[in-house]
Amino acid sequence: MSRWTLSPLNKRRLANFKANRRGYWAFWIMSVLFVLSLFGEFIANDKPLMVSYKGSLYFPVLKDYPESAFGGDFDTAADYRDATIKGLIEKDGSIVWPPIRFSYDTINFNLPVPAPAPPSAVNMLGTDEQGRDVLARLIYGFRLSVLFGLVLAVVSSFVGVTAGAVQGYFGGLTDLLFQRFIEIWSGLPQLFILIIVSSVIVPGFWTLLIVLLLFSWTALVGVVRAEFYRARNFDYVRAAKALGMSDRMVIAKHVLPNAMVATVTFLPFILSGSVVALTSLDFLGFGLPPGSPSLGELLREGKENLQAPWIAITGFFTVAITLTLMVFIGEAVRDALDPRKTFR
């Protein structure tokens, strides 16, 4: 049990985090929304969760079944929204649908009005210009944006911390050359490079991640470099080096923990910046492939369909609430790691 017990310092940090009620509740709200979005296929899908047919159970949400398995004529994947297939199944069984019977790319062909259709009992947030359910696209787009932001924030932070550690620990010519390189690299026009890349290759999740990583890793270099410059002359660091400990071990065990406090403080803000980057690129048309669920595409469709305000309102409030929650969490983490409050 002792190995899982928090140290007094971490207990005070956790208490400081909880004391920031705004950030504490933002953390729980964001966590619940993100976890729910991870199970988007079980919440919004055009495939049933479970089908009971002639005493057998099928789970279409997890596996594709041919329509011949339910008395159809073809061996192709069953379309459970088709009236014929639904009738065959309900004749000798039952269907359990998810709460929202649309996936992010499902087109509702039974709209009472031309698309985009306003909110209704079937489409609670209406449809877009192609007849796709806005709420379903919102769920999948939120998940994609947050996952993209998390991966980009973690990888860019790892690269930035590594670069800053090398600069600050070794200093001298290494630091001088690295700083000149970062100054030149930061001056490159990021948007123009993304436009050139998107015109040469088809942009995708990993393509955008790699391109944005090329420019986002510099965010933490200055902070980590300063921390290493300060900590490398501490007595315990000098003692470790005098005892023969390698530079890699000194960095990992003695200097890096000091720099990680500032790094963790910046992570929520880097995450929100990554989400904004993907949303902006999708809004401008240089992001994910057309048809992909994303918050930026939802905002662009709202701009192009001003006669359907429910699209723009949904996209705006989703992005605004998401970024607000991330900023609140970042403020709470900053307060939790603030030594003036921790050691008060």
Side-chain angles (χ1 to χ4, degrees), residues 33-148 202-207 282 287-295 297-298 301 305 308 310-311 314:
L33 293 177
F34 179 60
V35 171
L36 288 177
S37 69
L38 292 178
F39 298 92
E41 285 78 7
F42 298 90
I43 299 174
N45 208 327
D46 55 2
K47 297 178 180 180
L49 299 177
M50 185 180 67
V51 172
S52 174
Y53 182 72
K54 292 186 177 180
S56 300
L57 295 179
Y58 302 87
F59 300 92
V61 70
L62 301 176
K63 181 181 178 180
D64 291 330
Y65 298 97
E67 65 176 58
S68 57
F70 306 108
D73 298 326
F74 304 101
D75 291 330
T76 56
D79 181 9
Y80 301 94
R81 299 177 59 86
D82 183 77
T84 303
I85 301 300
K86 288 176 60 178
L88 290 173
I89 295 176
E90 292 175 348
K91 180 180 179 181
D92 296 305
S94 60
I95 303 176
V96 178
W97 287 94
I100 303 171
R101 300 187 182 186
F102 300 95
S103 185
Y104 68 90
D105 57 350
T106 306
I107 299 176
N108 187 358
F109 293 101
N110 299 318
L111 293 174
V113 296
S120 62
V122 178
N123 304 107
M124 289 181 283
L125 291 180
T127 67
D128 61 7
E129 58 187 2
Q130 299 184 32
R132 298 170 299 189
D133 187 74
V134 172
L135 181 56
R137 293 186 64 80
L138 175 64
I139 295 173
Y140 285 89
F142 174 80
R143 178 178 66 181
L144 181 63
S145 298
V146 176
L147 283 175
F148 183 91
V202 178
F205 183 91
W206 297 109
T207 306
D282 288 333
L288 297 172
S292 302
S294 68
L295 301 180
E297 185 179 6
L298 195 63
E301 290 181 352
N305 297 274
W310 54 87
I311 303 177
T314 301

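These numbers come from a predicted model, not from an experiment. These numbers come from the heavy atoms of this one structure, side chains and all, not from hydrogens, waters or symmetry mates.
Under the ring pair (Phe, Tyr, Trp, His ring centres under 6.0 Å) criterion, the residue pairs touching residues 103-140 are Tyr104-Tyr140, with sequence neighbours excluded.
In this structure, the side chain to side chain donor-acceptor pair (under 3.5 Å) partners of Glu297, at least two apart in sequence or on a different chain, are Arg137. Scored by the side chain to side chain contact (heavy atoms under 4.5 Å, CB included) test, Pro48 finds Val51, Pro60, Tyr80, Ile95, Trp97 as partners (sequence neighbours excluded). Qualifying side chain to side chain contact (heavy atoms under 4.5 Å, CB included) partners for Ser292, counting only residues two or more places apart in sequence or in other chains: Leu288, Pro289. Ala115 is linked by a side chain to side chain contact (heavy atoms under 4.5 Å, CB included) to Leu111, Thr127, counting only residues two or more places apart in sequence or in another chain. By the ring-ring contact (aromatic ring centres under 6.0 Å, His included) test, Phe205 is found to be paired with Phe148, residues two or more places apart in sequence or in another chain being considered.
No donor-acceptor distance shorter than 3.5 angstrom exists from the side chain of Ser37 to the backbone of Gly40, with no hydrogens or angles considered. Looking at Arg101, its side chain never comes within 3.5 Å of a backbone N or O of Arg81 through a donor-acceptor pair.
Side-chain contact between Ile311 and Pro116 is present, with at least one heavy-atom pair separated by less than 4.5 Å.
A side-chain donor from one of Ser68 and Asp75 sits under 3.5 Å from a side-chain acceptor of the other.
Closest heavy-atom contact between Val122 and Asp133: O-OD1, 4.3 Å. A pairwise comparison of heavy atoms in Ala69 and Tyr53 identifies O-CE2, 3.5 Å as the closest pair.
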